[in-house]
Every structure is written in C-alpha cells, then in structure tokens.
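All chains are named by letter (A, B, ...) in the order of the sequence lines, taking the proteins before the strands, and each is independently numbered beginning at 1. Just so we're clear, the structure is a prediction, and the values are computed from it rather than from any experiment. Heavy-atom basis, side chains included; hydrogens, waters and symmetry copies ignored.
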Amino acid sequence: MRIATWNINGVKARIEGLLTWLHETKPDVACLQEIKSVTEGFPADRLADAGYQCAVHGQKGFNGVALLSRLPIEDVVTGLPGEPDAGQSRYVEALVTGEAGICRVGCLYLPNGNPIGTEKFSYKLAWIAAFEAHVRQRLALEEPLVLAGDYNIIPTPMDARRPEAWQNDALFQPESRAAFRRLAGLGLTDALRTCHPGPGAYTFWDYQAGAWQKDDGIRIDHLLLSPQAADRLSAAGIDRFTRGWEKPSDHVPAWVELDV
DNA sequence: ATGGCGCGTCAAACGCGA
C-alpha cells in the first residue's frame with residue numbers, strides 16, 4: 001500500500017497538477033493539506049473519475065484537509081478530538097483496507113505557529129498536546145497506523161539547508177522539536193528519516209528568493225509510523241519533481257510503501 | 001542586511017503561510 005502526503009496550497013489552484021501526480025505515482029491513499037476549500041467545493045467528482053473516494057474536512061479560505069483513497073475506507077473521523085479550535089480544519093482520519101491487511105491513516109495539518117511569542121505559537125503547542133493525546137489512544141490499538149501530513153516542524157538542523165535562518169521561527173523552536181521527539185518516544189518511526197538518513201531530504205521550498213533554485217529547503221512534511229506499520233515499511237520517498245512544474249505548490253509530496 | 005511569492009477573498013488591498 002502506497003500512502004502519500006502533500007500540502008497542495010489550494011485545491012482550486014492545484015487540481016490539474018494533483019490529477020497528473022495521482023496518475024503518475026498512483027498512491028493508494030493521498031493525504032492533502034491546505035485545500036483552502038469548503039467541503040462542498042472540493043472537486044470530489046473529478047477525483048472519483050480518477051478512481052479516488054474522498055473524506056474531506058474543509059473550511060472557507062484557509063486550512064482544510066482531505067484523505068483520498070482508491071481502496072475501501074471506513075471509520076472516517078473529521079477533526080481532532082479535543083482540538084483547541086474546532087473552527088480550523090486540520091485533521092481527518094480513516095481506516096483503509098488493502099489486499100494484505102489494514103492501515104489506519106491520519107492526515108494532519110499542524111499549525112504553523114508564527115510569530116513566536118504570540119497566541120499563534122501557544123495555539124500550535126495546544127494543538128500538539130491534543131494530537132499527542134489522540135496518538136496515545138490510537139497506538140493502544142496496536143495496529144498499522146500512519147500519521148501523515150504537514151507537521152510544520154523542522155526536526156533537526158540536518159532538516160534545513162540553512163538552519164541558522166530558522167532560529168527564530170516557530171518551525172524550529174525547541175518546543176516544536178521537543179514535541180517531535182516525544183512522538184518518536186511514543187514509538188513512532190520517522191519513515192523518511194529511516195529511509196534517507198542523510199541531509200537534503202527536503203519537502204518545502206519557499207516561493208521567494210529563488211529558494212527552489214538554490215535548494216534552500218526544509219523538511220517539515222512527515223510520515224510517522226506505528227511499530228506495526230514500521231514492521232511493514234518497504235520504501236519511502238519524496239516527489240521533488242512536482243516542485244519544478246508550472247504553478248507548483250511550495251510543498252512536494254512524500255510517501256511510504258507498506259506491505260499491507 | 002533586506003526583500004523577494006502565491007492563494008483566497010473579493011473586487012483593493014489584505015490575511016496568511018513558512
């Protein structure tokens with residue numbers, strides 16, 4: 001089962017690229033963030049034509065997540081239990097049934113948190129606390145679980161081309177990085193890091209200042225795996241090629257291949 | 001050292017992202 005995540009920065013602006021990417025890479029499950037669309041406005045018909053059913057948690061203008069699947073899904077959950085602001089759509093989850101087993105997939109868009117020292121950053125930490133509580137619940141099920149999305153966390157200096165430039169940014173604060181380590185401490189495996197232990201595995205390049213041309217990127221999109229999913233991990237990768245397209249998202253897709 | 005872009009909303013700037 002191939003499970004991918006992609007912050008598409010607006011589904012209306014990205015629908016053609018999204019369909020091309022689905023056709024070229026054929027993920028079984030695609031977790032999308034920043035659809036920037038209400039649920040009713042999501043192009044579910046065009047995605048159904050491409051073979052995907054959609055679990056959408058939309059919102060007007062900002063945020064919004066969607067889980068696409070060409071395998072059967074059930075147990076759809078929209079919204080994170082106990083989240084600090086239910087008006088912001090940042091989480092959708094479903095149980096996916098593959099040929100060789102099941103996998104529960106959570107699609108998340110963790111708050112950015114900038115600027116630091118404001119309520120934006122406290123909101124990020126509060127959202128993380130709710131997420132951690134939910135993760136503990138899910139891990140107790142002892143089943144294959146993939147938590148995929150835009151975490152808005154640069155885990156280590158190796159995950160930025162210029163770590164010094166992110167020193168005062170919410171993405172690289174000690175509290176943000178500590179939260180990522182706590183998730184690992186709960187037993188989750190960072191799939192991209194496991195398969196690509198060296199530097200340079202970036203998933204985001206700013207639109208500004210020629211960041212893409214200079215490979216001035218950061219790794220903030222992650223796929224975290226429960227032990228039962230990690231046991232079945234066969235590959236993980238990053239679809240860098242989409243960043244060179246016309247009208248690209250500033251994020252690129254990342255994916256895992258599981259034997260389920 | 002700084003700013004530099006793009007999307008959505010809504011019809012001009014502005015909020016927001018990272």
> Should N112(A) be listed as having a side-chain N or O under 4.0 Å from OP1 or OP2 of dA18(B)?
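N112(A) to dA18(B) OP1/OP2: side-chain N or O found under 4.0 Å.
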> Could you state the interatomic distance from NE2 (H23(A)) to CG (L18(A)), rounded to the nearest 0.5 Å?
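One gets 13.0 Å once the value is rounded to the nearest 0.5 Å.
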> dC10(B) and dC5(B): how far apart are their P atoms, nearest whole angstrom?
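These two P atoms come out 25 Å apart once rounded.
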> Of the nucleotides dC7(B), dA18(B), dG8(B), which has the atom closest to the D206(A) side chain?
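Of dC7(B), dA18(B), dG8(B), dA18(B) is nearest to the side chain of D206(A).
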> So if I take every side-chain heavy atom of R90(A) and compare against dG17(B), dG8(B), dA18(B), which nucleotide ends up nearest?
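For the R90(A) side chain, the nearest candidate turns out to be dG17(B).
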> Starting from C1' on dG6(B), measure out to CD on Q208(A) and report it in whole angstrom.
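In whole Å, dG6(B) C1' lies 9 Å from Q208(A) CD.
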> Considering just the side-chain nitrogens and oxygens of Y109(A), establish if one lies under 4.0 Å of OP1 or OP2 belonging to dA18(B).
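Checking dA18(B) against Y109(A), a side-chain N or O does come within under 4.0 Å of OP1 or OP2.
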> Keeping K124(A) on the side-chain end and N114(A) on the backbone end, is there a donor-acceptor pair under 3.5 Å?
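Absent.
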> Using distance alone, with no hydrogens and no angle criterion, decide if Q33(A) and T5(A) have a side-chain donor and acceptor under 3.5 Å apart.
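Judged by distance alone, the side chains do pair up.
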> Using a cut-off of strictly less than 4.0 Å, decide whether N9(A) has a side-chain nitrogen or oxygen near OP1 or OP2 of dC7(B).
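Result: no.
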> Side chain of K36(A) only, heavy atoms from C-beta on: which candidate in dG4(B), dC7(B), dC16(B) is closest?
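That would be dC7(B).
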> Between dG8(B) atom P and I8(A) atom CD1, what is the distance in whole Å?
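Rounding to the nearest Å, CD1 of I8(A) and P of dG8(B) are 9 Å apart.
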> Check the distance between dG15(B)'s P and K120(A)'s NZ and give it to me in whole angstrom.
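Rounded to whole Å, this separation is 10 Å.
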> Taking the C1' atom of each, how far is dT2(B) from dA13(B), in whole Å?
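My reading of the C1' atoms in dT2(B) and dA13(B) gives 23 Å.
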> Rounding to an integer number of Å, can you tell me how far L110(A) CG sits from dC16(B) P?
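Taking atom P of dC16(B) as the reference, CG of L110(A) is at 18 Å.
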> With a 4.0 Å cut-off, would you call K214(A) and D206(A) a salt bridge?
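Between D206(A) and K214(A) there is no salt bridge, as every charged N stays at least 4.0 Å from the carboxylate O atoms.
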> From CG of D250(A) over to P of dG6(B), roughly how many Å is that when rounded to an integer?
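Distance, rounded to whole Å: 10 Å.
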> Whether N63(A) contacts dC16(B) is assessed here as follows: a side-chain N or O lying under 4.0 Å from the phosphate OP1 or OP2. Is that the case?
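For N63(A), the contact criterion (side-chain N or O under 4.0 Å from OP1 or OP2 of dC16(B)) is not met.
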> In whole Å, what separates the C1' atom of dA1(B) from that of dA11(B)?
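So the two C1' atoms sit 36 Å from each other.
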> Measure CG/N7(A) against C1'/dA18(B) and give the value in whole Å, please.
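It works out to 10 Å between those atoms.
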> Between I35(A) and Y207(A), which has a closest nucleotide on DNA chain B that is more 5'?
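On the 5' side of the pair lies Y207(A).
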> Which is true for A209(A) with a 4.0 Å heavy-atom rule: it touches a base, it touches only sugar-phosphate, or it touches nothing?
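The residue A209(A) makes base contact.
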> For D45(A), does the CG atom have more than 12 heavy-atom neighbours from other residues, nucleotides or ligands under 6.0 Å away?
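Result for CG/D45(A): open.
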> Side chain of K60(A) only, please: which of dC7(B), dC10(B), dG17(B) is the nearest?
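Minimum distance to the K60(A) side chain belongs to dC10(B).
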> When you measure from the side-chain N and O atoms of H251(A) to the phosphate of dA18(B), is any distance below 4.0 Å, counting only OP1 and OP2?
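Yes.
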> For Y202(A) and D221(A): C-alpha separation, side-chain torsions, deciding distance, then whether side-chain hydrogen bond (donor to acceptor under 3.5 Å, both in side chains) applies.
CA-CA 8 Å; Y202(A) 308 135; D221(A) 300 273; over 6 Å; no
> How long is the line joining CD of E246(A) and P of dC7(B), in whole Å?
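In whole Å, dC7(B) P lies 12 Å from E246(A) CD.
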> Could you check how far NZ of K247(A) sits from P of dG6(B), rounded to whole Å?
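Whole-Å distance recorded here is 10 Å.
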> What integer number of Å spans the P atoms of dG3(B) and dG8(B)?
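Comparing P positions in dG3(B) and dG8(B) gives a spacing of 26 Å.
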> What integer number of Å spans the P atoms of dT9(B) and dG4(B)?
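My reading of the P atoms in dT9(B) and dG4(B) gives 24 Å.
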> Within less than 4.0 Å of OP1 or OP2 of dG6(B), is there a side-chain N or O belonging to R14(A)?
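No, outside the criterion.
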